[in-house]
Structures are given as structure tokens and as C-alpha cells.
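Reviewing the structure listed below.
As a basis for the values below, the full set of heavy atoms in this structure was taken, side chains included, without hydrogen atoms, waters or symmetry mates. So that the names make sense, note that chain A is the first sequence line, chain B the second, and so on, each numbered from 1.
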Amino acid sequence: MPETPITIEADSAPTVKFADFGLAPEILRALTDQGYIHPTPIQAAAIPIVLQGRDVMGAAQTGTGKTASFSLPIIQLLLAHANPSMSPARHPVRALVLTPTRELAVQVAENVKAYAQHTPLRSTVVFGGMDMKGQTVILKGGVEIVIATPGRLLDHIEQKNVSLGQVQMLVMDEADRMLDMGFLPDLQRIINLLPKKRQNLMFSATFSPEIKKLANSFLTDPATIEVARSNATADKVTQIVYKVADEAKRDVVEFLIRGRDLKQVLVFSNTKIGASRLSRHLEQGGIKATAIHGDKTQQERMAALDAFKKGEIDVLVATDVAARGLDISDLPCVINFDLPYNAEDYVHRIGRTGRAGASGDALSVFSDKDERLLVDIEKLIKQTITRGELAGFVASSGSSGSGARGEAGGERRPRRDEGAGGARSSGRAPERERGGERSFGAERGAASGRSGPYPRREKVDPWFLTPYEPAKKSAPVAVEQVGASAKPKQKIAVLLGGSPKQ
DNA sequence: AAAAAAC
């Protein structure tokens, strides 16, 4: 496939204004209401293309302004083309946005609502975990734009609360994530209910082979827009990893949080139980913390997110439900209580910090048995992460086996944190009862020699073998953004081998 | 091995 990459220089973007796109005055008003004048690079690239009615395959992470890049032109197009439907009251849904998680759906819906506030267009969000009734009333009342998670949408469809026969535009947000989560069959079912003639926009963090297949099935002659990964791993984020014994991770994370004056910290755990336990542990230590994960009720999830955003709590302990998409931005610090099994997720997680020009710290604790994960991560981000040492702690290497050098025999090295340039995290040691240095060795018989290889995850979905509708070919437009601000010289390839290759 | 998502 011959591509003609168009490179957009980062500093060229601000010269364009939203006002240059020919958007309706109502939309521009909503934008100026919120102080938006200049589009981000992906917006500058995508908006004109979407306005042309073309399908788009966009690779962009959260924080790049992705949501506006599809919502603004959608609103514009819906405004411009009067509803051709004979009975607008019965089948008014004309644009459908699908997202993998409920929180992301809510967030996208909030944006759409804000952008469309001065227009007559109605929008709503439907997702699981909540009572069907309220959603049903709104759907039946008629809305032009629906933002939904797939499962609940299908539920509404089955109950005939909504009909999608008039949908002109479909957006699949975080498509890669939807695949990961096994939403393919649901997507297929939903798409089969849509008119054949429609505009499709698909966004994904990467262009994996699976995503390309999905694009081939669902998109027609798509323009390809690729934006550099967020600068998460660039200079602005100080990354440090601390190697500690497994049982010590909890205390080390607490130590790190305290060392940061309890400023808003997002902590990631690989498991729901781990997230709950850690949050409870922190609370017991007097830290205002809450957990967010899939076993919490939707009310709890929303309350937790809300409280964190408002600053009512200082620490949010999350599973990967919060790794992507969520607009928890500009955090000063993200901590990985566990290294993610999926190296990609590391990038997503730490992308919560150091955004929009701010600097940030991404700290991770790991133990022997996770060495392999760290290797994968460093390979992906193409850099070696600083090994940090903690003042007052001895990070035992507890080499597999028994690693008997605990506090008793082990040499103590109460080091001032020195490496880790700019590691403000070293801060002061907590003044709690623990007093001086502690040794987190393998005294409890850590990691008993288990170090098998980590199986690679590979999911093959047979459904892929039957393309929904063969896509026609033509020269796709490829747009690349050079790493914003930092070093204009280094191109995308450097930013996270997310596989820009073909 | 884990997470997410419909009831």
C-alpha cells in the first residue's frame, strides 16, 4: 500500500485556528466559551478530512485532542445535512460513538455535549452498571448523537429502546482496546444494524495487524492519520524503577507517596484485589485514598473518579480500567504498584502524567519475578529506566531461591537517593513510627525461585477471517506529527516503537 | 496471569 506521508511540524499547528475550518458559528462559540482557539495537530489534520466525509483511521493516544477531532466535524456535518429521515422523532440517531469503558463513554459524552451546547443537537450516553430506565427515557425521547459501550447499547437495541437505522456516522474509539476486551462480536452485531452507507472513524493507540484487519473490514478508503505517541516517555517525565521484595511493594509505595507530600498520585495495580488492598492499606495509614476497578459498582467508580478530580482524595488506586482514555490529566505523579503485563500499558499508564507541557514523575516498584516485564517495557520505549534507590530502604535483590540476606546479615546501605536525576521522590523519609531505615529483604522467603517465562498473549479471533465489507483502495493520507515541543528533530519512530511501520 | 463489559 503506497502511502504519502505528510509531516506536520509541531510548531506549524498553532497557526491554524478552529475558525479556519468553516465550522458553524454555534460550534465556534462553544469552543471560544471554553477558551479553545487553536486545534491540536490531530485536530488540524482530522477535522478537514472528516468534514469531507471520508473514513478515517487515526492512531492517537488520549491527550492528543482526539475526542474533539471527531466530535466537532460530526456536529458540523449533522448540522449541515438536514435529517433526511421522514420521521425524525422515531429514528433520530445519526451519529454513534462506541468506547471500551464506561468512564471513557461518559467523558466523550461530556465533551460532545459541551461542543453541541449551542446547537439543537441532542446527545446522550448509555453504558452498563446503571439503571436502564433513565437511559431508555432519553433514548426514546430522541437524540441525534449516542455515545455508548457496546454491551448496554445492544441491550437497548434488543429492547427496542433505540434504532440505529439512520446512523450516518460511526466512531470506534480506542478500537485496539475494544479488541483486547473481546468486543469484536458485539461490534460486528452493532455494525450489522447500521446503514451500509455511512462514514466511519476509527481511533486506536497503535496500528497493530489486528487493528489493520479491523480497519479493512469496517472502513472504506480510509485516510490514515498518525500522531506521535504522547510525549509521556520523553524528557518531561522522570521515570524511575525501584526493585524491592514482593512483600515490600506496599510499604514502598506508601513511602513514595508520603515523600511527595501526598500530592495527587495515581497508582496502578494489576489486579482488582491488589488495588483494593493497597487502597485500604493507605487509608489505614491516614492517606486519603480510594480504589477504582471493575468490581466496584458504577456509582462507586464514578464517585471515586470525581473525588479524585476534585482533589477530595489524594491517591487513586486503579486497575487498567484507568490506564487509557480517562482524562485524568496533568498529574504530578503516577506510581506502578505492579509493572503491567502488557508493555504497551506502561506507556498508557504513565501517559497520565507529564501532559500538556507539565513535568511529571512515573515511579514503579517491581520485584525479581517481574524482571522480565521491565525488559519488555524498556525494549518498547527504547530506553533504560533509571534504577532508583530509596533513602532508608535496602532494596534486597533477594535472588531467586531463598535469598536469606534479610535484615540480620545483609549489609545495609542507607543511601541518599542520588541517581535518578531529578527524583524529587526521594524526599524526606516519613516520620512515622518506622523511624530509621528498614530493610525489605527476602526474609519472608520471597519469590521462591519461580522465574518461568511469561507467556506472550496472543488472541486470535476467527471472526477476523470474514471481513465485513472489503475496503476499496486508494492513496491514504498519512499525517505524522513530530514530537511536540521537545526535540523537533527526532521523528516518530523514536517515540515508542508503537510500530509506525507499514 | 489480568483487566474490562449486559442482564
Cut-off 3.5 Å, side chains only: do A/Gln107 and A/Asn111 have a donor facing an acceptor? no
For A/Gln298 and A/Gly129 the tightest heavy-atom approach is CB-O, 3.6 Å
Starting at CZ of A/Phe183 and ending at P of B/dA6, how long is that distance when rounded to a whole Å? 6 Å
Looking only at heavy atoms, which two atoms of A/Ala68 and A/Gln43 are closest? And how far apart? CB-NE2, 3.3 Å
A/Arg349 side chain near B/dA3 phosphate (N/O to OP1/OP2, under 4.0 Å): no
Rounded to whole Å, how long is the line connecting atom NZ of A/Lys296 with atom P of B/dA3? 14 Å
For the student: nearest non-hydrogen atoms of A/Thr271 and A/Asp338, plus distance: N-OD2, 4.3 Å
Between B/dA6, B/dA3, B/dA1, which one does the side chain of A/Tyr341 approach most closely? B/dA1
Does a nitrogen or oxygen in the side chain of A/Thr149 sit under 4.0 Å from OP1 or OP2 of B/dA4? no
Any A/Lys272 side-chain nitrogen or oxygen under 4.0 Å from OP1 or OP2 of B/dA4: yes
Between atom CD in A/Gln188 and atom P in B/dA5, what is the gap in whole Å? 22 Å
Among the nucleotides B/dA4, B/dA6, B/dA1, which one has an atom lying closest to any side-chain atom of A/Arg102? B/dA6
Among B/dA6, B/dA3, B/dA5, which nucleotide has an atom closest to any side-chain atom of A/Thr101? B/dA5
How many Å lie between CE on A/Met172 and C1' on B/dA5, as a whole number? 18 Å
Please say which of A/Leu373, A/Asn336, A/Leu374, A/Asp246 ends up in a side chain to side chain contact (heavy atoms under 4.5 Å, CB included) with A/Phe366. A/Leu374
Round to a whole Å and report the spacing from CG of A/Asn342 to C1' of B/dA4. 13 Å
Just N and O in the side chain of A/Thr319: are any of them under 4.0 Å from OP1 or OP2 of B/dA4? yes
In whole angstroms, how far is the C1' atom of B/dA4 from the CD atom of A/Glu103? 10 Å
Which is true for A/Asn270 with a 4.0 Å heavy-atom rule: it touches a base, it touches only sugar-phosphate, or it touches nothing? sugar-phosphate
What is the distance, to the nearest angstrom, from the NE2 atom on A/His293 to the P atom on B/dA2? 14 Å
Whole Å only: how far is the CG atom of A/Leu187 from the C1' atom of B/dA5? 12 Å
When you get a sec, tell me which of B/dA6, B/dA2, B/dA4 is the closest nucleotide to the side chain of A/Met181? B/dA4
